[in-house]
2 protein chains.
Amino acid sequence: MRKRVTIYEVADAAGVSVATVSRALNGGRVAPQTRARVLRVAEELGFSPSPAARVLATGKSRAIGVVIPDATGPLYGRMLRGIGLELAQAGYTYLVESSERDPGREARVLRDLSARDVEALVLIGSGLGSEALAEMRRELPELVLVEREGAALEAPMITIDNVAAGERATRHLIEHGHTRIAHVAGPRRAGRERLEGWRRALATAGLEPGPVVEGGFTEAGGYRAAVELAAMGGFTAVFVASDRMALGAYRAFREAGLRVGEDVSVIGFDGLEFGAYLDPPLATLRQPAQQLGQAAARAALAVLRGEHPENVVLSCEIVPRASVRKIGGGGL
Amino acid sequence: MRKRVTIYEVADAAGVSVATVSRALNGGRVAPQTRARVLRVAEELGFSPSPAARVLATGKSRAIGVVIPDATGPLYGRMLRGIGLELAQAGYTYLVESSERDPGREARVLRDLSARDVEALVLIGSGLGSEALAEMRRELPELVLVEREGAALEAPMITIDNVAAGERATRHLIEHGHTRIAHVAGPRRAGRERLEGWRRALATAGLEPGPVVEGGFTEAGGYRAAVELAAMGGFTAVFVASDRMALGAYRAFREAGLRVGEDVSVIGFDGLEFGAYLDPPLATLRQPAQQLGQAAARAALAVLRGEHPENVVLSCEIVPRASVRKIGGGGL
DNA sequence: CTCGCTCGTGTAAGCGCTTACATAGTTCGG
DNA sequence: CCGAACTATGTAAGCGCTTACACGAGCGAG
C-alpha cells in the first residue's frame, strides 16, 4: 500500500467538503459542474477510494466468495470467468478458494471466506454434506449452489441437466446402432445423474443396461474402470461420464487390444479441449461452464437484492466425433 | 454479512476494555488469565474480527494479489495452491485475477488489484511489456515476478530454468540416438529460453539445428506447427515446448502418417497429467508448479518484511516415456 | 520507606469513507 | 412579495478495529 490519496485531499483541492466528494463519486445529488470538478481533481490526484473504509462505512463489501473443488480444473476456470464477467458489470468482485475436494477443508474455507466480508457465497460442485452445510448455514452469508445438491437449503441452485445430457450421450450411441452399452460412472450428484440419463435412454430404447463401473472422474479411475469393463466384455459402446476418464479408458482399451471408434465406441462428457486431438477425436457433451458461472453470479446478485431467483438448469451440447462409429454388427 | 459481533460486545461480556480484547486477540501484553477469559468469551459469542476495520486501522491487509494469464491452466492452479499454502502459514490470503493473456486487460487487472488493498502483487507469466510495467510501477504495491522477464524492475524473480530444461529435453532425444531434431517453439520468455536450451544441447553434441516452428503454446498451434514440420521433413525427433502443443503435434503427425514413438520421437514440456495416457505416453519435463508458487509467496512475504530476497530458479524433472524411442537409423 | 520500574489495563484518537441532519440559497405559487 | 419547497453543500457521527499514551498497582533497590 503506497501513500494513499484520501478523500480529504481531493475535497481540499476541489474546494468542497468530503461529503460532496463522496456524493460526486457515488452518484449522489451534486451540481453537475461541481461533480465535474471533483472528478477531474480526483483523477489528477490519482485518488482511489479505500475499499476497507468503504466496507466499514457501508457494511457491504461488494464481493462474493466462490468455492471450487479443485484449482486445476479447466471447467472451474471457465466458470470463474463467467462469474467474473457478470460480477464486474455490477461493480462486484469475487474471492476464490479451493476445497481440494476435502469436506473438512471445505468447511474451513467456507468459514474463512465468510469471515472475509463476502456478501454471498457460491459453492461449486461442493462435496460437503447437506446436513453439515445446513448446520453452518446461519453463520454463513447468502448461498448459491452450483452443481451440488441442497434442495432443503432454500438457496438458488444452478445446475446443468445431467440426466438429459447423459440420456443424449447414450442416445447418440444408440442412434449409431449400438445396443450393448456400458457406462463408466462418476461420483457425487453429477455422476449419479449422468448414470440415470444413461439408464433412461436405454429404457426408452428398450435395451438392457450394460455393465457399469465407477471411475471417480479421474484419468486413473477411468483407466481402471475400462480395464475392468474390457475384461468383462459384453458391450460395443461406452458412455464415460467425463472426458478425463475417457482419456484413461482410451488407454485401457488400447492395452486390451480394442480400437476406440472401431471395436468400441466411446463418448465422454465435459467438452474439454484436448478431446478434439485424441486418436480418434473424442465425442462428448460440452458443458456450458462459463454460462453456469454467469448464471451463478446473476443469482447471487439477485439474492443480494433480496429477490428469490429461480433455479437455473442449463443443458449441454453434443459434440459428435469419430470415437463414436456406426456399428456394423460385430462387437465383443 | 450477518449481524456482526463486535469487539465491544466481547469487551462487555468479558468485563474488560476493547483495547484489552484487541491485545488478547493479537498477542499483546495481557495477563494470562485475562487473555484466557477474553478468548473464551470471544469464542462463545462467535466473534470474528472485521477485516475491513482491521485493514483500516492498521493499514495492512494481509493479502496479496496474484495475476495469472489464464484461469483454465492446470499449471496455474498448482501454483496458486503453492501460494495459498505458503501464505496461509503467515496468516495471509490472496486475491487472483486472470489477464486472459491480454496486456490491456492485464494492466487493468493490476490497477484493480492494487486498488483492492493488496500489499504485494505476484505476476505470473505476465505478458505486459517491461516498459509498461515500469511505468505503472510506482502506482503499484510490491512486485514479485514469476516466469516473466523484468530484470530492470528490481523485483524478485521466480523462474524455472527453462534453458537447462530445454537442454535436458533435447539431450534426452540425443541420448536416444537422434541427430536430426526439430523444435516446436513457444512464445514469450519461456518459449525463447526453451528454444535456447534446444540450441545449446545440439551445439554441445555438435549437431546441426533442425527446423523450428512456433506454436503459441496451444493444441491448435502445436498442430499447425507439426503439420508444417511434417511437410518439411528432415528430422527424426522433435522437442515440443509444451504438452498441449505436443498433443496437437500427435494429431498432425498421425494425419501425416507418422507414428509417434516409431517414426518420430516427441518430448513435451510441463508434465501435465494427460500425457501419461496418450498413445504413446508423452515424455516430458515436469514443471515444479507448486514449488514455484510457494517460492513466489515466500518472496512476497520477504519483500513485505523489507528484505531483498534472492531470485529463485527451480529446475524441471525429466519424465521419460514411450514417445521417445531409440533410433535404429532410418528417419524421414 | 520512598523512588522508579514494570505490568496490566483503560481512554481516546484515529484509519478513510458514507450518510443523516442541518443550513443557506433558489425558485415559485398565490 | 412572502413563505413553502427544493436544491446544493457542509457538519459530524459513526463503521470496528488498533495503538499511543496515561494511570494505578505492585515490587525491588537504595
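First the proteins, then the strands, lettered A, B, ... as listed; each starts at 1. For the numbers below, each heavy atom of this structure counts, side chains included, while hydrogens, waters and symmetry mates do not.
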Checklist entry - Is the count of non-hydrogen atoms from other residues, nucleotides or ligands lying under 6.0 Å from B/Glu135 atom CD greater than 12? => result no
Checklist entry - Is any side-chain nitrogen or oxygen of B/Thr20 closer than 4.0 Å to OP1 or OP2 of C/dG10? => result yes
Checklist entry - Expressed in angstrom and rounded to an integer, what is the separation of A/Leu25 atom CG from C/dT19 atom P? => result 13 Å
Checklist entry - In terms of the nearest nucleotide of DNA chain D, which residue is placed more toward the 5' end: A/Arg23 or A/Arg29? => result A/Arg29
Item to check | N/O (side chain, B/Thr6) to phosphate O (OP1/OP2, D/dG16) under 4.0 Å | outcome: no
Next on the checklist: Under the side-chain contact (heavy atoms from CB on, under 4.5 Å) test against B/Leu87, which residue among B/Ile64, B/Val122, B/Thr93, B/Val66 passes?
Outcome noted: B/Ile64
Checklist outcome for this item: Out of C/dG16, D/dT9, D/dC17, minimum distance to the side chain of A/Val30 belongs to D/dT9
Item to check | A/Arg62 vs A/Glu119, salt bridge (Lys or Arg N to Asp or Glu O under 4.0 Å): CA-CA, chis, key distance, verdict | outcome: CA-CA 7 Å; A/Arg62 315 221 113 216; A/Glu119 298 180 27; 5.4 Å; no
Checklist entry - Are side-chain N/O atoms of A/Ser126 and A/Arg148 paired as donor and acceptor at under 3.5 Å? => result yes
Checklist entry - Between A/Gln33 (CD) and D/dT7 (P), how many Å, whole number? => result 16 Å
Checklist entry - So what does B/Ser22 touch, heavy atoms closer than 4.0 Å: a base, only the sugar-phosphate, or nothing? => result base
Checklist entry - Whole Å only: how far is the CG atom of B/Asn26 from the P atom of C/dT9? => result 15 Å
Item to check | Length of the CD-C1' vector between A/Glu9 and C/dC17, whole Å | outcome: 14 Å
Item to check | Toward the 5' end of DNA chain C, by each residue's nearest nucleotide, A/Ala52 or B/Arg35 | outcome: B/Arg35
Item to check | Length of the CZ-P vector between B/Arg62 and D/dC17, whole Å | outcome: 16 Å
Next on the checklist: Side chain of B/Thr58 only, heavy atoms from C-beta on: which candidate in D/dT19, D/dA12, C/dG10 is closest?
Outcome noted: D/dT19
Item to check | Short side-chain N/O contact to C/dG16 OP1/OP2 from A/Arg54, under 4.0 Å | outcome: no
Checklist outcome for this item: Atom CZ of B/Arg37 and atom P of C/dG8 are separated, to the nearest Å, by 14 Å
Next on the checklist: Between B/Glu149 and B/Arg189, does any side-chain N to carboxylate O distance fall below 4.0 Å?
Outcome noted: no
Next on the checklist: Distance check needed: D/dT19 C1' versus B/Ile7 CD1, whole Å only.
Outcome noted: 11 Å
Item to check | Listed nucleotide nearest any side-chain atom of B/Arg4, set D/dC17, D/dG10, C/dC17 | outcome: D/dC17
Next on the checklist: So if I take every side-chain heavy atom of B/Val18 and compare against C/dA12, C/dT9, D/dG10, which nucleotide ends up nearest?
Outcome noted: C/dA12
Item to check | A/Glu106/A/Arg101 salt bridge by N-O under 4.0 Å criterion | outcome: no
Item to check | Base D/dC17 paired with B/Tyr8 side chain (donor-acceptor, <3.5 Å) | outcome: yes
Checklist entry - Using a cut-off of 4.0 Å on non-hydrogen atoms, how would the nucleic acid contact of B/Ala19 be classed: base, sugar-phosphate, or nothing? => result base
Checklist entry - Within less than 4.0 Å of OP1 or OP2 of D/dT9, is there a side-chain N or O belonging to A/Thr34? => result yes
Checklist entry - OP1, OP2 of D/dG10 versus side-chain N and O of A/Ser17: anything below 4.0 Å? => result yes
